[in-house]
Structure formats: C-alpha cells, structure tokens
Amino acid sequence: MTEIFGKPLPVIMGQLLIGLINGSFYALLSLGLAVIFGLLNIINFTHGAQYMMGAFAAYFLLNKLGLNYWWALVLAPLAVGATGVVIERLMLSRLYKLDHLYGLLLTFGIALVIQGAFRHEFGSAGLPYSIPALLEGGQNLGFMFLPNYRAWVIFASLVVCLGTWFVIERTKLGAYLRAATENPAMVQAFGINVPRMITLTYGFGVALAGLAGVMAAPIYQVNPLMGADTIIVVFAVVVIGGMGSIMGAVVTGFGLGVIEGLTKVFYPEASNTVIFVIMAIVLMIRPQGLFGSR
Amino acid sequence: MAQDQYAPHQSRDDAAEARYHRRAFLVMMALFLVAPYVVYPVFVMKALCFALFACAFNLLLGFGGLLSFGHAMFMGMAGYVSAHAAKVWGLPTELAILAGMAAATGLGFLAGLLAIRRQGIYFAMITLALAQMVFFFSLQAPFTGGEDGIQAVPRGRILGLIELSSPLAMYYTVLAIFTAGFLLIYRIIHSPFGQVLKAIRENEPRAISLGYRTDHYKLAAFVLSAGLAGLAGATKAIVFQLASLTDVHWTMSGEVVLMTLLGGMGTIFGPVVGAFAIITMENYLAELGSWFTITQGAIFVVCVLAFRRGIMGEFEAWLRRRRVR
C-alpha cells in the first residue's frame with residue numbers, strides 16, 4: 001500500500017476529503033460574514049444559528065411538506081434570509097450609529113434565543129436527514145472511495161462562492177455594493193436606496209448561512225447546536241483571512257479545512273486546535289490577516 | 001463642548017461622586033455581612049465569585065473599551081490550576097488560589113499579546129477563538145480530568161488556622177477575597193493608569209499623539225483583568241470543590257458580558273448588581289434548561305436595544321439629574 005510520511009494513502013485521502021467538506025462550510029460561512037461585514041460593519045454572531053436554521057428548514061420541508069432536498073436548496077435559504085431581513089429591519093438597523101460592538105452583542109443575544117428555542121423544542125439529539133436519491137452511492141477512484149454527495153457539496157460550495165465573487169466584483173449590482181461600502185452617503189446621493197441595499201445584503205449573507213445548513217443536513221445531523229461551535233472556528237478563519245476580500249474568505253476557508261483534515265492524520269490531538277494555533281501565528285506575523293488590507 | 005461647560009463644577013462633581021461611591025460601598029458591605037444569615041450562603045458565595053469576575057471584566061470593557069469574548073479561559077484555567085494545586089500538590093488553600101491567579105495572569109499575558117494586535121470586533125473574535133483553544137486544551141489535557149473535571153477538591157484551612165469546611169468561615173473568606181479584589185479594581189480605575197485607560201477608550205489616536213504607548217496600557221489592563229478573573233475562578237473552584245469544563249466554555253464568556261451589560265458597563269457597582277441578578281435568575285430557571293439560555297439572549301437583546309446604560313448606569317444618571325436640579 002502506498003504511504004506518505006508513514007501514513008497509508010487512503011487514510012490521508014479520506015481526511016483530505018473531510019477537510020475539503022469542512023472547508024466548504026468554512027468558506028460559505030466566512031463568505032457570508034465577509035459580505036455582511038463589508039456593508040454593515042458588524043460581525044454577525046447569529047450566523048451559526050442561521051446555519052442551523054437552514055438545516056432545520058430542510059428537515060421541515062421534507063417531513064412536513066414533503067418537499068425534497070432540491071426544493072430545500074432553494075426554499076430554505078429564502079426562508080432563513082427572510083428571517084434575516086426581519087432581524088435587520090427590527091433590530092440591527094437601530095444600531096448603525098453606535099459602536100459596532102453593540103451589533104456583536106445583539107446578534108450574540110439573538111443567537112442564544114434561537115438556539116435555546118430550538119433546543120427547547122427538539123432537544124439536543126440530532127435529527128436524521130437522508131442523502132437525496134440522485135446523489136446516493138459513490139465513485140471508486142482506485143486510491144479511495146468518493147461518495148457522490150460529498151463531491152457535490154464541494155462542487156456546489158465552490159460554485160456558490162465563485163458566483164458570489166463574480167456578482168460582487170464584476171457586475172453593476174456589485175459595484176453599487178462596493179461603492180456603498182466605501183462611502184454610503186455618496187452612493188445615497190446618487191439616488192440608490194442604501195438602507196434597502198443594507199437590508200438585502202444582510203438577508204443575502206444570512207441566506208448563504210441557510211444554504212450551508214441545507215447542504216450540511218445530510219452530512220452532519222440536524223442539531224440545534226450544530227452552528228454554535230462551528231461559528232467560533234469560522235471567526236478564527238475570518239481573522240486569519242482578513243475580511244478585506246471575498247476571494248480571501250473562500251481560499252482561507254478551503255485551505256484551513258484541508259489543514260485541519262491533514263492534522264487529523266498526522267497529529268490527531270491537535271485537530272481541534274490547529275486553526276486557532278494558525279490564527280495565533282498569523283496574528284504575530286501579519287496582524288491584518290493573510291488577505292486583509294488594513 | 002458639553003464637557004467644557006461643566007468644567008468649573010468638575011471638582012464638585014468629583015466630590016459628589018466619591019461620596020456616592022463611599023455610601024454605596026458601605027451599603028453593599030453591610031448587605032454582604034448579614035447576607036449569610038438571611039440567604040443560603042453557598043448561593044451568595046457563588047454570586048460573589050461571579051461579581052468579582054464581572055468586575056474584572058468590566059475593568060477591561062468599561063474602562064479600557066476592550067470587549068473580550070473569551071474571559072472564561074481565565075476563570076476556568078485558574079479554577080483548574082487551583083483545584084489541582086490543592087488536591088494533587090496538597091498546597092495550602094491560599095497558595096492554591098494564588099497559583100490559579102498566577103496561571104490566569106500568565107495566560108492573560110500571552111492572550112493579550114496576540115489580541116491587542118487587532119481592535120474592536122477583531123479583538124472580540126480573537127479572544128473568543130483563543131478561549132475555544134483553551135477549552136479544547138482543557139478537554140484533552142490529562143490534569144483537568146476531561147469531562148469529569150477535578151472533583152472533591154479539599155477546601156483546607158485558610159492561613160493554616162481556620163477550617164473552611166464550615167459554611168460561614170468559607171463565606172467570610174470569599175467576602176474578604178471579593179472585597180480585596182473590588183477595592184483593587186476601584187484603585188486601578190481611579191489611578192493615573194486608569195485615567196490613561198479611559199483616554200484610550202475615548203480616543204486612541206489622540207492618546208497616542210499625546211505620547212502614550214497605548215499598546216502597553218491595553219496589555220497591562222488585559223493582564224490585570226485576566227489575573228483578577230483568575231482570582232474569582234480559583235476561589236470558585238475552592239468553594240464548590242470542583243473545577244469543570246463549564247467554566248472554560250464560551251457560554252461562560254457570554255455570561256460575564258451579560259452581567260456587565262445588564263448591571264451597567266463602566267460603572268463601579270454595575271457588574272456586582274448584574275452578577276447577582278443573573279445568578280438569581282439562573283437559580284430559578286436552571287431546571288428549565290434551555291429557557292435560561294432564551295432568557296439570557298432576550299436580556300442581551302433588550303439591553304442592547306433599549307437599556308445600554310444598564311441598571312447602575314440608569315441609577316447614576318438619575319442621581320446626576322437630581323444633583324443638577
């Protein structure tokens with residue numbers, strides 16, 4: 001059997017795959033955080049809870065309405081994004097003139113309420129969500145077995161990330177968005193409804209979290225606390241990448257997922273902490289983050 | 001500008017404030033001295049430990065303007081070290097507590113060095129991530145006992161004289177520790193160092209242009225806050241004879257933010273009031289499990305949206321309005 005540094009190749013490939021899967025979610029979640037931060041200047045602590053809501057939405061669509069995974073892929077992000085719009089209009093919009101830390105505290109409070117309510121309703125045990133029929137099974141690549149669903153998650157996540165990058169960096173809508181990030185008052189003076197743009201941006205960032213939740217549902221179980229610890233890792237990813245660029249968030253997300261996976265092979269004791277250690281090192285060498293500008 | 005207008009009254013205001021602090025302190029001490037005869041002492045001890053924790057946190061947030069979302073790491077790690085020192089090394093109680101405090105101070109120095117490299121929101125995210133790292137370390141390290149924690153920690157005797165197994169002896173020891181920590185924090189806030197810290201909170205670039213090395217001040221504030229949070233955690237471990245993962249988890253970091261916010265950040269007595277309010281609430285809602293989480297979240301939302309000055313902040317604003325009239 002082929003070995004690399006004394007570890008069998010299939011083991012390495014297996015963990016690499018898990019790393020890419022985790023990286024897909026890190027990328028999607030940090031992308032949403034970066035989009036929201038760019039325009040609203042707040043860190044959305046509710047992001048983990050909204051990711052969880054996406055998974056639950058998929059579960060309900062399947063079990064209450066009989067709508068399958070593909071419907072959930074469209075409807076769940078819309079539903080979660082809609083709750084985001086409500087949160088922004090009712091609460092976040094009152095805080096823009098204050099210190100940005102209040103936004104962090106508010107979204108943390110909202111996350112506690114949402115996670116507490118779901119745990120009250122559904123307990124801490126996970127609910128199962130099966131892989132859609134179309135993506136069952138897998139491919140034998142010779143050196144490893146690649147489940148179809150996992151390949152799909154990596155592919156879909158890449159498409160969504162690149163699509164978001166394209167919209168923000170290459171379209172007119174994205175140009176408005178970037179302009180509003182630089183100088184909202186000026187953009188408003190040009191006749192663009194900036195408050196509405198802020199609302200929709202928050203809704204979009206939240207919808208990305210919801211989408212990640214739907215894709216996560218068949219891999220991890222649907223669990224009220226599934227986002228609580230993930231979001232802390234994603235914060236570290238964001239600190240490492242710096243929130244300056246969309247591409248930075250995507251590259252850092254995938255890269256750190258892979259590093260985490262490889263750590264599981266070579267030094268499993270550190271697999272939970274490796275991202276935080278990398279964060280510490282990056283802070284010492286390049287405090288603004290790998291892709292950050294400030 | 002508004003400040004200049006009142007400048008001539010400044011000294012009179014300071015005197016009034018000092019008088020208010022003195023009176024409030026006496027009232028607080030009187031309440032704490034009789035509390036164990038009225039309320040269940042273990043409950044008050046728990047609240048006192050959290051009150052000291054929140055005061056230490058408030059030193060950093062309320063006066064330094066730095067929001068740490070990872071303060072549980074100092075409380076939890078100090079708890080582990082003091083529990084280990086008392087149980088395994090057999091150190092006397094006061095040395096075990098000091099060992100825990102020293103560990104938190106050291107950890108605070110390391111975490112502070114990293115965290116002060118970024119500001120605002122990033123500072124909060126970095127401290128949260130570092131605390132999560134400490135949490136996983138505590139989960140895996142052999143000396144912490146993993147999921148079980150360190151149980152059956154001996155309370156021992158304080159200064160080799162007084163047996164701490166009696167609730168009252170333990171209570172007044174905790175009260176003495178709390179009071180010492182509280183007065184130290186008061187002293188720090190009203191020292192020239194504290195004034196510089198407030199200047200940094202208000203306008204860091206201006207403080208830099210005045211020649212202050214703001215990074216040194218921020219790091220010093222972070223280390224002091226970590227050490228005092230450690231004192232609270234170490235004491236708590238001795239009181240409850242237990243050091244567990246609960247105290248290093250991020251929910252604990254969130255709880256201390258909530259106590260400070262509810263009580264009034266940047267006030268002297270706010271964190272104490274906030275800690276007692278939250279611990280009382282926890283006492284009644286603990287059996288309901290997730291309802292406690294929901295209530296906590298709701299209080300966060302209400303405080304941020306409509307009650308940013310907190311209980312003592314509102315009270316002090318009311319006092320000031322009355323004085324002006």
Side-chain angles (χ1 to χ4, degrees), chain A residues 33 37 41-43 45 90-91 94-95 98-121 123-124 224 228-229 231-240 242-243 269-277 279-281 283-284 287-289 292 294, chain B residues 61 65-70 110-111 113-137 139-141 201 249-251 253-255 257-258 260-261 265 285 288-306 308:
Chain A
L33 283 180
F37 181 79
N41 264 317
I42 62 153
I43 273 293
F45 220 127
L90 287 184
M91 296 187 253
R94 295 163 195 269
L95 299 181
L98 299 170
D99 193 322
H100 301 319
L101 291 176
Y102 283 111
L104 180 79
L105 295 178
L106 177 75
T107 49
F108 179 72
I110 298 173
L112 287 185
V113 172
I114 294 175
Q115 275 159 359
F118 273 79
R119 208 179 52 181
H120 179 71
E121 218 39 50
S124 302
D229 285 342
I231 195 63
I232 301 179
V233 180
V234 174
F235 279 178
V237 171
V238 163
V239 172
I240 294 169
M243 274 186 295
E269 292 82 1
S271 61
N272 283 326
T273 45
V274 63
I275 291 187
F276 303 121
V277 174
M279 180 191 81
I281 296 169
L283 280 172
M284 281 188 278
Q288 70 271 43
R294 271 180 294 176
Chain B
L61 174 63
L66 298 169
L67 171 59
S68 157
F69 233 104
L110 292 177
L113 272 183
L114 291 170
I116 59 162
R117 297 180 75 93
R118 300 301 304 269
Q119 273 127 27
I121 285 167
Y122 280 98
F123 184 89
M125 287 197 291
I126 292 165
T127 44
L128 175 63
L130 290 174
Q132 189 75 348
M133 184 158 85
V134 171
F135 173 80
F136 282 119
F137 171 78
L139 188 63
Q140 290 169 340
R201 176 190 67 187
H249 197 247
W250 57 262
T251 45
S253 300
E255 220 162 282
V257 180
L258 182 59
T260 310
L261 188 66
M265 59 171 124
L285 292 178
L288 298 168
S290 38
W291 276 111
F292 178 53
T293 315
I294 299 175
T295 318
Q296 271 190 325
I299 296 176
F300 254 112
V301 171
V302 171
C303 280
V304 171
L305 288 178
R308 280 185 288 275

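Each chain gets a letter, A, B and so on, in the order its sequence line appears, and its residues count up from 1.
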A.B. asks: Please state whether the side chain, the backbone, both or neither of A:Ile42 comes within less than 4.5 Å of a heavy atom of chain B.
C.D. replies: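 Looking at A:Ile42, just its backbone touches chain B.
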A.B. asks: Does B:Leu305 reach the side chain of A:Arg94, with side-chain heavy atoms less than 4.5 Å apart?
C.D. replies: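 The answer is yes, as the side chains (C-beta and beyond) meet within the 4.5 Å cut-off.
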A.B. asks: Under 4.5 Å heavy-atom distance to chain B, tell me which part of A:Phe108 shows up: side chain, backbone, both or neither.
C.D. replies: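 For A:Phe108, side-chain heavy atoms alone lie under 4.5 Å from chain B.
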A.B. asks: Between A:Thr107, A:Leu98, A:Asn272, who has the most heavy-atom pairs with chain B when the cutoff is under 4.5 Å?
C.D. replies: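 Winner by heavy-atom pair count: A:Asn272.
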A.B. asks: Using non-hydrogen atoms and a 4.5 Å limit, figure out which bit of A:Val233 sits close to chain B: side chain, backbone, both or neither.
C.D. replies: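 Contact with chain B is absent: no heavy atom of A:Val233 under 4.5 Å.
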A.B. asks: Less than 4.5 Å apart, side chain to side chain, heavy atoms only: is that true for B:Trp250 and A:Asp229?
C.D. replies: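 They are in side-chain contact.
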A.B. asks: Taking the ring centre of each residue, are B:Phe69 and A:Phe235 less than 6.0 Å apart?
C.D. replies: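 No - the distance between ring centres of B:Phe69 and A:Phe235 does not fall below the 6.0 Å cut-off.
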A.B. asks: In the structure I gave you, are the side-chain heavy atoms of A:Leu112 and B:Ile294 within less than 4.5 Å of one another anywhere?
C.D. replies: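 Counting from C-beta outward, A:Leu112 and B:Ile294 never come under 4.5 Å.
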A.B. asks: How about A:Leu105 and B:Leu258: do any of their side-chain heavy atoms sit closer than 4.5 Å?
C.D. replies: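 Side-chain contact under 4.5 Å: no.
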A.B. asks: Can you say whether B:Val257 sits under 4.5 Å from chain A via the side chain, the backbone, both, or neither, judging by heavy atoms?
C.D. replies: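 Looking at B:Val257, just its side chain touches chain A.
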A.B. asks: In terms of heavy-atom proximity below 4.5 Å to chain B, should A:Leu104 be classed as side chain, backbone, both, or neither?
C.D. replies: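 Only the side chain of A:Leu104 comes within 4.5 Å of chain B.
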A.B. asks: Are any non-hydrogen side-chain atoms of B:Leu113 and A:Met284 less than 4.5 angstrom apart?
C.D. replies: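 No. Closest side-chain heavy atoms not under 4.5 Å.
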A.B. asks: Please determine, among A:Leu106, A:Val239, A:Thr273, A:Val238, the option with the most heavy-atom pairs under 4.5 Å with chain B.
C.D. replies: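 The candidate making the most pairs under 4.5 Å is A:Leu106.
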A.B. asks: Measuring heavy-atom distances to chain A, does B:Leu139 have an atom under 4.5 Å in its side chain, in its backbone, in both, or in neither?
C.D. replies: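 The answer is neither part of B:Leu139.
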A.B. asks: Can you check whether A:Pro287's main-chain N or O pairs, donor with acceptor, with B:Arg117's side chain at less than 3.5 Å?
C.D. replies: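 Pair absent, no side-chain N/O of B:Arg117 close to backbone of A:Pro287.
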A.B. asks: Sort A:Phe118 into side chain, backbone, both or neither according to what part of it lies under 4.5 angstrom from a heavy atom of chain B.
C.D. replies: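 No part of A:Phe118 comes within 4.5 Å of chain B.
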